[in-house]
Protein chains: 2
Amino acid sequence: MTTTSPQGRTELLRPDGSPVRVLVVDDEQSITELLSMALRYEGWQIRSAGDGHGAVRAARDFRPDAVVLDMMLPDMDGLSVLGRLRRDLPDVPVLFLTAKDAVEDRIAGLTAGGDDYVTKPFSLEEVVARLRGLIRRSGAADRRSDSVLVVGDLTLDEDSHEVTRGGDGIHLTATEFELLRFLMRNPRRVLSKAQILDRVWSYDFGGQANVVELYISYLRRKIDAGREPMIHTRRGAGYLIKPAA
Amino acid sequence: MTTTSPQGRTELLRPDGSPVRVLVVDDEQSITELLSMALRYEGWQIRSAGDGHGAVRAARDFRPDAVVLDMMLPDMDGLSVLGRLRRDLPDVPVLFLTAKDAVEDRIAGLTAGGDDYVTKPFSLEEVVARLRGLIRRSGAADRRSDSVLVVGDLTLDEDSHEVTRGGDGIHLTATEFELLRFLMRNPRRVLSKAQILDRVWSYDFGGQANVVELYISYLRRKIDAGREPMIHTRRGAGYLIKPAA
DNA sequence: CGGGTTTCTCAGAGAAATCACAGCTTGGGG
DNA sequence: CCCCAAGCTGTGATTTCTCTGAGAAACCCG
């Protein structure tokens with residue numbers, strides 16, 4: 001089931017109307033905190049664990065609808081944790097966190113059941129998007145919720161990564177896509193550059209703050225080019241997107 | 001009966017509309033887990049067993065529509081298990097798992113009854129495809145469900161392994177065929193290289209991830225050659241197939 | 001056993017995306 | 001009406017990703 005909150009955000013809910021539950025497992029506390037905060041903001045209920053045993057215990061009594069699992073835990077190897085989780089929660093989708101370089105070596109089979117993974121360092125927007133996808137597809141949330149965001153005559157499909165304005169297809173790069181997704185997820189709301197940076201860029205990004213301006217500029221060229229603009233600047237505050245009308 | 005889920009995947013269902021039930025029997029837990037995960041993702045209901053006696057017991061009260069049976073079990077020889085299964089479930093099709101070298105001849109006789117087999121290490125795409133075939137042919141699912149995938153002017157027949165584009169026959173190798181099947185089963189959806197690798201290559205594949213790029217390249221030569229391309233790259237995300245239109 | 005086929009590795013070429021930097025434009029307070 | 005801070009965008013260096021040719025090894029079939 002989906003419902004729209006007072007702020008205009010669309011939330012995933014379970015069929016019985018209760019909030020989706022997500023278990024976050026990582027040994028770095030800064031990461032679990034970062035994730036918990038971001039995921040709570042989605043309206044989800046979060047529990048976190050710092051090691052494999054904690055994860056198994058939490059799975060048992062928290063009974064999450066999805067799990068975010070770091071593959072590098074101090075006490076147990078990621079696959080063992082996965083195995084034990086599966087015993088208690090056979091149908092729960094898992095989002096794996098892996099180091100960038102470790103990717104190739106044994107992700108094999110992990111995404112087979114519809115699971116997914118992201119590499120560290122990740123962007124929150126990416127984690128949230130993938131989790132939403134997993135939950136949506138697992139059926140823990142209402143299956144009718146679909147993967148297309150719409151604002152005015154602008155659409156963005158999270159599955160096919162297709163973007164259209166007034167019916168015309170628009171090609172976006174990965175970063176442009178994530179930025180637009182974030183804007184469209186928060187229509188008519190001013191988002192500060194800091195928020196955007198925190199959400200769309202990976203947490204260890206150390207560059208110039210004006211990448212945001214730069215990418216807003218790219219997006220405008222592709223989306224607003226010669227049309228009624230949808231992306232607006234609020235000088236000193238940030239940016240927002242809203243229907244052209 | 002077939003039905004189409006929100007993600008656009010086509011599911012097999014039993015005539016009464018309930019999900020298909022599959023029993024998975026293997027002594028290696030990692031294998032039963034891998035298979036269970038993949039088969040659940042197909043929308044099927046799964047039960048697993050780790051030995052012959054467990055299998056017989058499970059067959060009796062789970063009453064599966066199909067069985068995946070490893071021929072090498074610790075407690076009983078595969079043939080005895082098969083015999084006992086047949087006593088309770090005379091018409092249920094069985095997909096045998098055998099070691100690569102484990103003689104074809106004995107298996108060959110077994111598959112005469114409409115059963116089938118795959119050799120370890122297998123690719124999930126192959127197991128799923130064969131199981132679908134068995135279930136479809138056994139009549140447990142609606143017989144009208146057919147075996148041809150169509151995307152635009154591209155067709156792929158899972159029974160005859162025939163592929164055509166705009167009416168012209170196209171010869172594909174085994175790997176190319178499985179890759180294309182996977183793409184066509186998920187039209188308009190971006191599939192990451194990891195997903196493709198997990199699904200199309202066998203679970204013990206340890207090679208370079210760029211085999212995926214390589215085979216995409218092969219497929220393009222055969223399918224898109226000099227025509228409107230149907231296979232698209234989403235840089236940094238993966239590949240997808242969609243009608244040329 | 002031998003030839004054709006298939007699978008896969010490796011490596012280089014090329015294309016695309018990301019980002020820093022710097023100069024230019026704009027808005028609005030004084 | 002002027003000026004400054006905030007925002008915008010062109011240029012180009014660098015990094016990252018993708019494609020594909022060449023060839024080695026495994027495989028299949030007769």
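Naming convention: chains lettered A, B, ... in sequence-line order (proteins, then strands); numbering from 1 in each chain.
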Quiz item: What's the spacing between Asp115(A) CG and Arg130(A) CZ if we round to 0.5 Å?
Solution: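 The CZ atom of Arg130(A) is 12.5 Å from CG of Asp115(A), to the nearest 0.5 Å.
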
Starting at atom [atom1] of [X], determine the distance to atom [atom2] of [N], rounded to an integer number of angstrom.
| X | N | atom1 | atom2 | answer |
| --- | --- | --- | --- | --- |
| Leu197(A) | dA20(C) | CG | P | 10 Å |
| Leu172(B) | dT7(C) | CG | P | 10 Å |
| Phe205(A) | dA17(C) | CZ | C1' | 13 Å |
| Glu176(A) | dA16(C) | CD | P | 14 Å |
| Asp204(A) | dT18(C) | CG | P | 16 Å |

Quiz item: Can you find a pair of side-chain heavy atoms, one from Arg189(B) and one from Leu191(B), that are under 4.5 Å apart?
Solution: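 They are in contact (side-chain heavy atoms under 4.5 Å apart), so the answer is yes.
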
Self-check item: Stepwise salt bridge (Lys or Arg N to Asp or Glu O under 4.0 Å) test for Arg185(B) and Glu158(B)
Solution: CA-CA 11 Å; Arg185(B) 274 166 110 45; Glu158(B) 302 200 65; 3.5 Å; yes

Practice problem: Walking along DNA chain D from 5' to 3', note the first and the last nucleotide with an atom under 4.0 Å from a heavy atom of chain B, and give both. | Solution: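 Nucleotide range in contact with chain B: dT16(D) to dG21(D).
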
Taking side chain to side chain contact (heavy atoms under 4.5 Å, CB included) as the definition, give me every residue that meets it alongside [X], ordered by chain and number, with sequence neighbours left out.
| X | result |
| --- | --- |
| Met37(A) | none |
| Thr164(B) | Thr155(B) |
| Glu213(B) | Lys193(B), Asn210(B), Tyr239(B) |
| Val92(B) | Val67(B), Leu89(B) |

Quiz item: What do you reckon, are the aromatic ring centroids of Trp201(A) and Tyr215(A) less than 6.0 Å apart?
Solution: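 Yes - the distance between ring centres of Trp201(A) and Tyr215(A) falls below the 6.0 Å cut-off.
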
Quiz prompt | Among Leu69(A), Ile135(A), Val127(A), side chain to side chain contact (heavy atoms under 4.5 Å, CB included) partner for Leu95(A) | solution =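 In the set Leu69(A), Ile135(A), Val127(A), the residue that makes a side chain to side chain contact (heavy atoms under 4.5 Å, CB included) with Leu95(A) is Val127(A).
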
Quiz item: Angle, rounded to 10°, between the helical axes spanning five pairs at each terminus of the helix from dC1(C)-dG30(D) to dG30(C)-dC1(D)?
Solution: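 About 30°, once rounded to a multiple of 10°.
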
Between N or O atoms, less than 3.5 Å apart, protein on one side and nucleotides 27-30 of chain C on the other: list the pairs.
none

Quiz item: Touch check for Tyr239(B), heavy atoms < 4.0 angstrom, all strands: base, sugar-phosphate only, or nothing?
Solution: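 Contact class for Tyr239(B): sugar-phosphate only.
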
Practice problem: Any side chain to side chain donor-acceptor pair (under 3.5 Å) involving residues 223-233 of chain A? Give me the pairs, sequence neighbours left out, ordered by first then second residue. | Solution: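 Counting only pairs at least two positions apart or across chains, the side chain to side chain donor-acceptor pair (under 3.5 Å) contacts touching residues 223-233 of chain A are Arg165(A)-Asp224(A), Arg220(A)-Thr233(A).
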
Exercise. Keeping to residues at least two apart or across chains, list the ring pair (Phe, Tyr, Trp, His ring centres under 6.0 Å) pairs with something in residues 168-190 of chain A.
Key: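 Residue pairs with at least one partner in residues 168-190 of chain A: His161(A)-Phe177(A).
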
Quiz item: Would you say dT7(C) has OP1 or OP2 under 4.0 Å from some side-chain N or O of Thr173(B)?
Solution: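 Yes, because at least one side-chain N or O of Thr173(B) sits under 4.0 Å from OP1 or OP2 of dT7(C).
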
Practice problem: Return no unless some side-chain N or O of Trp201(B) is found under 4.0 Å from OP1 or OP2 of dT7(C). | Solution: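 Negative; the distance criterion is not met.
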
Quiz prompt | Pairs where residues 235-245 of chain A contributes a residue and the test salt bridge (charged side-chain N to carboxylate O under 4.0 Å, His left out) is met, not counting sequence neighbours | solution =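 Residue pairs with at least one partner in residues 235-245 of chain A: there are none.
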
Donor-acceptor pairs under 3.5 angstrom involving side-chain atoms of residues 24-36 of chain A: please list them, not counting sequence neighbours.
residue  : atom : partner   : partner atom : Å
Asp26(A) : OD1  : Glu28(A)  : N            : 2.9
Asp26(A) : OD2  : Lys120(A) : NZ           : 2.9
Glu28(A) : OE2  : Lys120(A) : NZ           : 3.3
Gln29(A) : NE2  : Glu33(A)  : OE2          : 3.1
Thr32(A) : OG1  : Gln29(A)  : O            : 3.0
Ser36(A) : OG   : Thr32(A)  : O            : 2.6

Quiz prompt | Residues within residues 207-224 of chain A bordering DNA chain C, heavy-atom distance below 4.0 Å | solution =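 Per residue number, the list reads Gly207(A), Gln208(A), Asn210(A), Val211(A), Leu214(A), Tyr215(A), Tyr218(A).
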
